Number of protein chains: 2
Amino acid sequence: MITLSDVAKKANVSKMTVSRVINHPGQVTDELKQLVFAAMKDLDYRPNVAAKALANNRSQVIKFFILEDIDTTEPYYMNLLFGIAKGLDEKQYALQLVTSRNYDLGNSDGYIITGARAKDQEWLDRLEKPAVVFGENRYGYDFVDTDNKQGTTMATEYAIAKNYQSLVFIGIDVKEAFEYSREAGFINTMQQHQMIPKIYRMANHSHLSEQFINDNWQKFARNTAFICASDRLAIGIVRGLAHHDAAIPNDFGVFGFDGVFLDQVSNPKLATVKQPIQEIGRLCARMLLQKIAQSGSPQGELLVTPELVIRDSMRK
Amino acid sequence: MITLSDVAKKANVSKMTVSRVINHPGQVTDELKQLVFAAMKDLDYRPNVAAKALANNRSQVIKFFILEDIDTTEPYYMNLLFGIAKGLDEKQYALQLVTSRNYDLGNSDGYIITGARAKDQEWLDRLEKPAVVFGENRYGYDFVDTDNKQGTTMATEYAIAKNYQSLVFIGIDVKEAFEYSREAGFINTMQQHQMIPKIYRMANHSHLSEQFINDNWQKFARNTAFICASDRLAIGIVRGLAHHDAAIPNDFGVFGFDGVFLDQVSNPKLATVKQPIQEIGRLCARMLLQKIAQSGSPQGELLVTPELVIRDSMRK
DNA sequence: TTGTATGCGTTATCAA
DNA sequence: TTGATAACGCATACAA
């Protein structure tokens, strides 16, 4: 194993100079810096993460809490995880995956948290190390999320532009910020176009939205578009419509939200608001590492613009 | 932070005794052990992972390589990951997620690898640290996997018991061990019942199996069951059959394989061979940690029995 | 700007 | 069976 000392010897400097080249390059003359860089490259030096962690009183580990039930877990967590892993990797951090609140909080430098609901506030407040939340919240926790409001705004604008006469929002029946924002995007856009926003809410299961169409089929005239708060709900709507031999997308449009996996499983494939989940994961990691570097100072909120993906469930 | 020394002081012993109680309890008298345990509990001692790693010349990190393309990634990787994370956690190991072969192999104590195909053999051979593979292989790499042969055996037996007269296997068109095993389970069982095994193969996409049914619809008499090598293929078969208004499960049965997510998205829901993916992940982790502890000695193969889940696509 | 000495928490070695 | 000491690789404080 190549250590700092080996590099120092090779470059004819002390190991502190090498350490400084890595951590405080401004304090070293360019001349020495060149020598040290050359030696590091020659020897293919790789810093020892454990030693660095010990000396810094750090662990180089962050814990990722998924507070939702795993079985109901959305496939997009996989992408989130990839993004986080990449972001952490850039700074030689490793990951610990946690699925329970009553978990050892030690041996880590900070937390990324997802699936946090309003009831988790107390728990979040007790956390002693820097934390970043994935998912909009209105309690002041630093977070990264898709710009949910912008997402439904874009979808609604699209549906209006494609001349669907009546728009219906199918929301998720939870009192959470992401849902409020998605509804707000819909409502505001409708009002701007002087159209009446109609909203129905239900739990996030495709069989419920499918049932909803079956129960209310007669209520919806041709030329209606359903803007859904999730791809899961959208899939159910598509199924319900198909069951009544409705023409998609000509007579009825369906817009999903998420754009991870489910949209492509649907038949016909879903138009959807695609969240850049992997990018968000990476940003979560970066935000947390920066927060750690700044000994916990607030990072605010970061909203990432989603992308409209137009597929067979909407007019083109 | 509570350290070994703190515990030692409290228990009136040297820190080496405390260290031994943790790592080599056999070398310490019961009397002292009690004292030390009491002190550890009193002070809520948590070992410092970084220090342990440094002293042992370890990193307490393992890397998880996913060699498949992320976009085509099956949602079951999420469950695999959870299992691995839990298994690692038991020994205070953290995780690094990697998606590229040309990756830094340093700063880790071992590797768990998935998505490895035959062409990856050379790369696998060059690995210098202990590795465990998720997924059957016939090149002698230690692995954990579902008992694929047993899975299709169970499914085939079930279909025969439910009096489907003709059975067709829809396989994945790859030259990989898991596929051979799944086919073998089907073939052997058919032969035992003196039935003719028919096999078709295609790439693992639902639209291909759907197309397959459309192209070959006239070939399949009523009372046929399709045993599929994946839920993805099974979904396409179901769709193709539905397109011809076939009665499922009365006239046609469909059996999937995997039992992670996709089976429940299908409509009707799929009967499937459910792999205990999370458990497999945990076993991968345990196998690797044991291999590390045994300085790399071979661990052999571990096949885990899957579970038949009977749902609406097969007679009950 | 550069170098020396010391400590981070743990474990292995060796002596008692 | 137990304890003292050194060592793991790096970074901070301080001296030069």
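Owing to the predicted nature of the structure, the values given are computational and were not obtained by experimental measurement. When reading the values below, keep in mind they use all heavy atoms of this one structure, side chains included, and skip hydrogens, waters and symmetry mates. Order of the sequence lines fixes the chain letters, A, B, ..., with proteins taken first and strands second; residue numbering starts at 1 for each chain.
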B/S/- contact track for nucleotides 3-11 of chain C, protein heavy atom under 4.0 Å: BB---BBBB

Atom pair distance, as rounded to whole Å: CG in Asp6(A) and P in dC8(D): 11 Å

Sidechain N-carboxylate O distance under 4.0 Å for Glu122(A), Arg126(A): yes

Full working for side chain to side chain donor-acceptor pair (under 3.5 Å) between Glu136(B) and Ser181(B): CA-CA 9 Å; Glu136(B) 225 180 299; Ser181(B) 295; 2.3 Å; yes

Pairwise distance CZ(Arg117(B)) to CG(Leu124(B)) - rounded to 0.5 angstrom: 13.0 Å

Check against side chain to side chain donor-acceptor pair (under 3.5 Å), Asn107(A) and Asp104(A): CA-CA 8 Å; Asn107(A) 276 315; Asp104(A) 180 15; 5.1 Å; no

Side chain to side chain donor-acceptor pair (under 3.5 Å) against Gln150(B), all qualifying residues, sequence neighbours excluded: Thr305(B)

